[in-house]
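Notes to accompany the following structure.
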Amino acid sequence: MSLIAEQNRRFPHWRQDLTASLVVFLVALPLCVGVAVASGVPAELGLVTGIVGGLVTGLLPGSSLQVSGPAAGLTVLVFGAVDQYGLPALGVIVLAAGLVQLVMGALKLGRWFRAISLSVVEGMLAGIGLVLIAGQLYAAAGLQAPASGIDKLTGLPGAAADAVGSTQALTSLALGAGTVAVMVLWKRLPKRAQTLPGALAAVVLATAVTATLGLSVATVEVNGLLDSVQPPGASAFGELANVGFLGTIVAFTLIASAESLFSAAAVDRLHDGPRTEYDKELMAQGAGNTVCGVLGALPMTAVIVRSSANVGAGARTKASRVLHGVWLLLFAALLPSALALIPLPALAGILVHAGWKLIPFRGLVSLWRGHRGEALILVVTAVSIVAVNMFEGVLIGLALSVVKTAWEASHLRMEIVDKGAGPVQAHLTGNATFLRLPKMLESLEALPQDRPVELDLSGLHHLDHACRTALENWAERHSATGTEPVKVTAPQQAVA
């Protein structure tokens, strides 16, 4: 048997996986750099996370075709953490989040992330998208962005006024806008032309225009791969005594895990291969983040853009995502100086485009038509993230989701049958909880005081202690007026 035949037998899909890995590499390269710059860390750290996502997470079981790396969805959170605690502490945060993910996967908690309200997740991504767009508009103009999300949005008119008076800012903005335009129009080109990813094409064109015209715009600062990797020192671990720091770790863990597992569900719908094993995928993400934390790099999640590119390019096995990590490593090792040519406005344009795609405009319209409560949760979560911060915004969304579910679960119906003579019959069905108590008492107290009442509770599935006590007190008051005692048919199964 020839060597090629033996290779084809052992790796029957190597051609498809090799081609797909190159496509994913070309998609991932500008995103890794752009996310790192937007997060306020050296560009090389984005490549480190992409490499770990390919070589570590890519080798582990879980989801065979989704690709991991630095994600735009965590940019806002990372920037805030680095700004507040410093770059050395980022490694501790990512390391701790990875270890927690490993524990959650071992305890088989991965599947429970599928129970998180989709409206909360989409609201989270929408809020991130809004803050990301606002922040990158400043970067596109070469201006310093405010720290908080709400200040980023409210400060845009003033930033626009400052940019209009500066030729350099207008040049920078034009380059960023051109990058966005290339990415939008790239999808309209023939399929053959789209073999080169739009993000990479936009960066290459922006870099060429900048070099050819000699534009005075900021470019990526290059430190070198080994110089950028800074494992967290002992002093950075002292932040673990800070309650706010622990809250940041929880936020990283929940958001990265939810985004990865929701991405896995989306990728499963794109192919007919093996389905995702959620607990194993959570452990794979945990292993990757643990390594990233040790190296002081960015956190990772599964990224739907790269994953869909991987599936669309014909990938058949996990070899494609592993090879994409190899290509990133070779680029970072052999061509690091190429990063210094990339203009920052181009990367800002890529992230503005990414942030726009995080906002589910069409989905929100259809959700409002069919499920207004879920649409409200989405909007409130997004607004809370912009107005407060990432962690508290997600908590507000989760709390609102729980309240909505509790309200719907406490559905109670009261039917009054009054034949004009004899007792008035009141039939209660559903779930009698304290949430429905005011309306229930209002209906009962409106019954005639001089007529006997038959209260039928046999249709109740649940009767909590507050409602039971309130019904007993109402029955005593009604009977005290001189009418016959209220006749109560007890529920078949009532839980106090």
Side-chain angles (χ1 to χ4, degrees), residues 111-124 363-384 393-496:
R111 68 195 70 180
W112 289 102
F113 277 88
R114 301 173 70 184
I116 297 177
S117 168
L118 184 59
S119 297
V120 174
V121 176
E122 290 186 336
M124 173 191 75
L364 180 59
V365 172
S366 60
L367 197 63
W368 178 258
R369 292 171 179 168
H371 306 278
R372 294 195 173 183
E374 294 295 326
L376 181 62
I377 291 173
L378 191 158
V379 172
V380 169
T381 303
V383 171
S384 299
V394 171
L395 289 181
I396 290 171
L398 288 173
L400 191 58
S401 180
V402 170
V403 170
K404 173 182 174 293
T405 302
W407 181 260
E408 291 178 345
S410 66
H411 178 73
L412 179 67
R413 181 182 178 188
M414 178 180 292
E415 182 180 359
I416 306 297
V417 178
D418 186 357
K419 299 180 180 179
V424 177
Q425 298 176 334
H427 301 272
L428 270 68
T429 56
N431 298 289
T433 69
F434 69 94
L435 294 172
R436 303 289 181 172
L437 184 56
K439 186 175 182 180
M440 181 183 71
L441 286 178
E442 182 181 345
S443 300
L444 290 174
E445 290 170 352
L447 297 177
Q449 295 290 326
D450 56 349
R451 301 269 300 281
V453 175
E454 294 179 355
L455 184 60
D456 184 5
L457 306 180
S458 61
L460 290 178
H461 303 300
H462 177 77
L463 177 63
D464 69 8
H465 179 70
C467 286
R468 181 189 293 276
T469 303
L471 288 174
E472 291 173 352
N473 292 337
W474 169 81
E476 289 180 5
R477 293 196 305 272
H478 188 86
S479 302
T481 59
T483 59
E484 296 181 19
V486 176
K487 295 181 180 180
V488 180
T489 303
Q492 296 178 357
Q493 291 182 340
V495 182

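Excluded from the calculations below are hydrogen atoms, water molecules and symmetry mates; all remaining heavy atoms, backbone and side chain alike, are included. The shown structure was predicted, so the numbers you read here are calculated from the model rather than taken from an experiment.
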Do the side chains of [Y] and [X] get nearer than 4.5 Å, heavy atoms only?
X    : Y    : value
L428 : L463 : no
L400 : T381 : no
M440 : C467 : yes
Q449 : H478 : yes
N431 : D464 : no
L455 : L444 : yes

Quick one: does any side-chain atom of S401 pair with a main-chain N or O of G397 as donor and acceptor, under 3.5 Å?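 It does not hold such a pair.
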
Backbone of Q425 reached by a side-chain donor or acceptor of D456 within 3.5 Å: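 Absent.
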
Got a sec, which pairs hit salt bridge (Lys or Arg N to Asp or Glu O under 4.0 Å) with one end in residues 418-441, sequence neighbours left out?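 Those involving residues 418-441 are D418-R451.
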
Might you point out which heavy atoms bring [X] and [Y] nearest each other, and give the distance in Å?
X    : Y    : result
P452 : E484 : CB-CB, 4.1 Å
S384 : G393 : CB-CA, 3.7 Å
S119 : L367 : OG-CD2, 3.9 Å
I416 : A426 : CD1-CB, 3.8 Å

Rounded at 0.5 Å granularity, tell me how far [atom1] in [X] sits from [atom2] in [Y].
X    : Y    : atom1 : atom2 : value
L376 : L364 : CG    : CG    : 10.5 Å
T489 : H427 : OG1   : NE2   : 8.5 Å
S366 : H371 : OG    : NE2   : 9.0 Å
L398 : I377 : CG    : CD1   : 9.5 Å
L378 : M124 : CG    : CE    : 11.0 Å

How would you list, by chain and number, every residue that makes a side-chain contact (heavy atoms from CB on, under 4.5 Å) with E472, sequence neighbours excluded?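 Listed in chain order: R468.
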
